[in-house]
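Report on the following structure.
Below, chain A is the first sequence line, B the second, and so on; all start at residue 1.
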Amino acid sequence: VSALPVEPRTVQPVAADVRDAVEDLLTGYTHVLDDGRVDEWASLFEKDAIYQVTTRENVEAGRPVGIVLCIGRPMMEDRIKALKLANIFESHVFRHVVGRPLIEPAGSDRYRVRSSFVIYRTMFTGRTDVFATGRYDDLITGPGDGFRFAERIAVLDSRVIDTLMVYPI
Amino acid sequence: MAVVHDCTNFDEAGVPERASRADPLVRWPEEGVTRVPFQVFSDPAIYAAEQRKIFRGPVWHYLCLETEVSKSGDIRTGWIGETPIIVTRDADGALHAMVNRCAHKGALVCLKDKDNRQSLTCVYHAWNYALDGRLKSVAFQRGIKGRGGMPEDFDLAKHRLQPIRVESFCGIVFGTFSDETPPVEQYLGDRIAAFLRRNMDHPLKVLGTHSQMIHNNWKLYAENVRDSYHATLLHTFYTTFKVNRLDMDGGIVLSDRKWHHISYSKRATLDAAAEYTTANVHSAQYDSQLAAPELLDAWDGFDDQITHSIQTIFPTLVIQLTLNSLAVRFFVPRGVDKTELYWIFLGYETDTPEQERMRVMQANLTGAAGLVALEDGCINSFVQRGTVGSPDHAAFIEMGGKTAESNESSRATEASVRGFWHGYRDIMGFAS
């Protein structure tokens with residue numbers, strides 16, 4: 001499993017209702033996480049979906065190990081269970097700001113989607129910092145019974161994580 | 001208004017008293033290695049002395065992996081403490097290391113993490129160096145149109161990038177500023193060198209890298225990684241998911257000077273070994289309540305039953321092999337209360353695709369988002385923040401006794417932590 005860099009290319013226009021549905025999924029995702037509704041997170045993915053957080057450096061070098069890798073919804077659910085029951089960390093919240101996505105058809109009912117993100121982290125102390133910037137490289141399926149992620153690769157611009165990463169981004 | 005100084009009293013009040021002590025920087029409690037004065041985690045003067053005595057002292061430091069400088073012209077930059085360094089491989093295949101500081105004005109010469117070039121040129125005034133650090137040419141050495149230029153007595157051979165002694169062992173490039181540092185293998189000692197060979201003396205393949213900025217003094221991480229007492233108390237992933245590791249308690253091995261250590265645990269059920277050998281790869285070898293237990297798929301890489309190990313090499317290098325997840329960690333002080341922790345996840349070039357897949361999945365266990373150990377990213381900052389206002393108080397480190405000796409029957413001990421402080425006090429001149 002590796003996140004290959006997406007080549008810049010001319011994006012074919014997609015139907016307005018598809019764009020709306022994709023943008024709603026992207027926006028809904030950020031609010032699920034920023035509201036702390038982590039139990040809903042995995043449900044935004046296909047059952048066998050891939051979720052990875054990696055860095056630009058690893059992607060460019062073609063390296064398979066990033067920072068987080070989940071293959072399938074059960075592995076995502078294990079991560080959520082771990083952060084709720086096992087992991088110890090200081091309380092904090094995220095605020096995602098996501099740019100307008102590029103959307104390109106990738107076969108029937110599948111779309112390659114790319115968007116930029118900035119994530120601010122606010123600690124319980126009140127301190128707010130930029131936690132991460134980067135891009136999402138997504139493979140999204142739909143309409144079916146709803147648009148979902150078949151693949152979501154969050155590629156961080158920096159190789160450095162401040163302190164730790166416990167919540168999905 | 002006249003201020004009268006009584007010189008006699010002034011001297012007796014301070015200067016001679018401080019100067020007469022073995023070391024004026026710290027007053028170490030007389031209990032020795034079972035106490036650590038909190039001052040050592042936040043005092044800038046001690047931090048500066050460490051740069052001199054440890055980082056620029058008779059100690060081998062991790063510079064990079066050989067695989068990162070495998071071809072001639074390869075260049076890798078890094079740090080020894082706060083000193084920026086360059087590692088190169090020249091046209092003849094020889095490794096060199098030098099300080100990344102131009103002999104002219106002191107500017108950084110290499111500005112990238114990695115590069116491949118025939119020579120090194122400082123961008124400021126174009127001083128040009130060979131890959132071994134020798135100065136080759138100076139721009140406008142003879143001036144322009146006969147004017148300016150260097151004085152007649154300027155000699156290229158008298159200027160160069162400051163060299164660092166370099167030695168490669170088990171695929172790791174080590175460097176030292178001191179001529180007195182013994183050869184790497186001797187520096188490590190037999191047990192530590194043998195275990196490093198076990199894990200690292202293979203064709204290494206980098207699977208991924210990242211780093212973590214942790215908000216604590218570098219020594220708190222050095223302690224933390226030697227601390228086998230906290231493992232199951234702070235890190236509860238295995239117990240939460242009832243992962244039956246089938247492991248018996250392992251042991252602790254300290255090097256002669258107590259600088260380096262190995263902590264290991266073994267699988268207890270030896271009778272299962274035959275079954276494992278035939279299957280070679282065991283799905284769900286570890287019973288658990290994980291919804292996706294394949295995260296822990298593993299195979300027996302070695303025949304010594306050791307399933308988890310952490311090895312430290314003083315001062316700032318760590319090699320982990322947890323299940324099959326092999327990683328080099330090294331940490332770089334970024335100020336008295338800040339440390340950058342680097343993770344390099346590794347496999348062997350000889351791995352099968354299935355083995356590589358398992359290493360990739362197991363990488364989820366450690367690192368900045370490691371399911372098993374992500375707490376180490378914040379725990380040391382809790383100590384930093386807890387102690388910063390109490391330089392005169394000290395930590396109490398007596399779990400498993402008061403000495404720093406190997407213990408191959410239990411890991412419920414802080415012996416390796418005491419070992420670190422033993423070595424630290426020794427090299428810093430803080431031992432009474």
Relative to chain A, which segment of L341(B) carries a heavy atom at a distance below 4.5 Å: side chain, backbone, both, or neither? neither
Between V372(B) and chain A, which part of the residue has a heavy atom less than 4.5 Å away: side chain, backbone, both or neither? neither
Under the side chain to side chain donor-acceptor pair (under 3.5 Å) test, which residues partner D145(A), sequence neighbours left out? R148(A)
Under 4.5 Å from any heavy atom of chain A, what part of F345(B) do you find: side chain, backbone, both or neither? side chain
Every donor-acceptor pair from chain A to chain B under 3.5 Å, please, each on its own line.
from: N58(A); atom 1: OD1; to: T209(B); atom 2: N; distance (Å): 3.0
from: N58(A); atom 1: ND2; to: T209(B); atom 2: O; distance (Å): 2.9
from: V65(A); atom 1: N; to: L207(B); atom 2: O; distance (Å): 2.8
from: L69(A); atom 1: N; to: N364(B); atom 2: OD1; distance (Å): 2.9
from: L69(A); atom 1: O; to: N364(B); atom 2: ND2; distance (Å): 2.8
from: D78(A); atom 1: OD1; to: A291(B); atom 2: N; distance (Å): 2.8
from: D78(A); atom 1: OD2; to: A291(B); atom 2: N; distance (Å): 3.2
from: D78(A); atom 1: OD2; to: A292(B); atom 2: N; distance (Å): 2.8
from: R79(A); atom 1: NH1; to: A369(B); atom 2: O; distance (Å): 2.9
from: R79(A); atom 1: NH2; to: N364(B); atom 2: O; distance (Å): 3.4
from: R79(A); atom 1: NH2; to: N364(B); atom 2: OD1; distance (Å): 3.2
from: R79(A); atom 1: NH2; to: A369(B); atom 2: O; distance (Å): 3.2
from: A86(A); atom 1: O; to: T236(B); atom 2: OG1; distance (Å): 2.9
from: N87(A); atom 1: ND2; to: L371(B); atom 2: O; distance (Å): 3.0
from: N87(A); atom 1: ND2; to: E375(B); atom 2: OE2; distance (Å): 3.0
from: I88(A); atom 1: N; to: E375(B); atom 2: OE2; distance (Å): 3.0
from: E90(A); atom 1: OE1; to: R385(B); atom 2: NH1; distance (Å): 3.0
from: E90(A); atom 1: OE2; to: R385(B); atom 2: NH2; distance (Å): 2.6
from: R159(A); atom 1: O; to: S211(B); atom 2: N; distance (Å): 2.9
from: R159(A); atom 1: NE; to: S211(B); atom 2: OG; distance (Å): 3.4
from: R159(A); atom 1: NE; to: E340(B); atom 2: OE2; distance (Å): 3.3
from: R159(A); atom 1: NH2; to: E340(B); atom 2: OE2; distance (Å): 3.0
from: R159(A); atom 1: NH2; to: Y342(B); atom 2: OH; distance (Å): 2.8
from: I161(A); atom 1: N; to: S211(B); atom 2: O; distance (Å): 2.8
from: I161(A); atom 1: O; to: M213(B); atom 2: N; distance (Å): 2.8
from: D162(A); atom 1: OD1; to: H215(B); atom 2: NE2; distance (Å): 2.7
from: D162(A); atom 1: OD2; to: H215(B); atom 2: NE2; distance (Å): 3.4
from: T163(A); atom 1: N; to: M213(B); atom 2: O; distance (Å): 2.8
from: T163(A); atom 1: O; to: Q212(B); atom 2: NE2; distance (Å): 2.7
from: M165(A); atom 1: N; to: A368(B); atom 2: O; distance (Å): 3.0

Heaviest contributor of heavy-atom pairs below 4.5 Å to chain A, chosen from L234(B), L295(B), L374(B), L290(B), is L374(B)
Give the minimum heavy-atom separation between V360(B) and L69(A), together with the two atoms involved. CG1-CD2, 3.6 Å
Most contact-rich option vs chain A, by heavy-atom pairs under 4.5 angstrom, among G370(B), C378(B), G208(B), is G208(B)
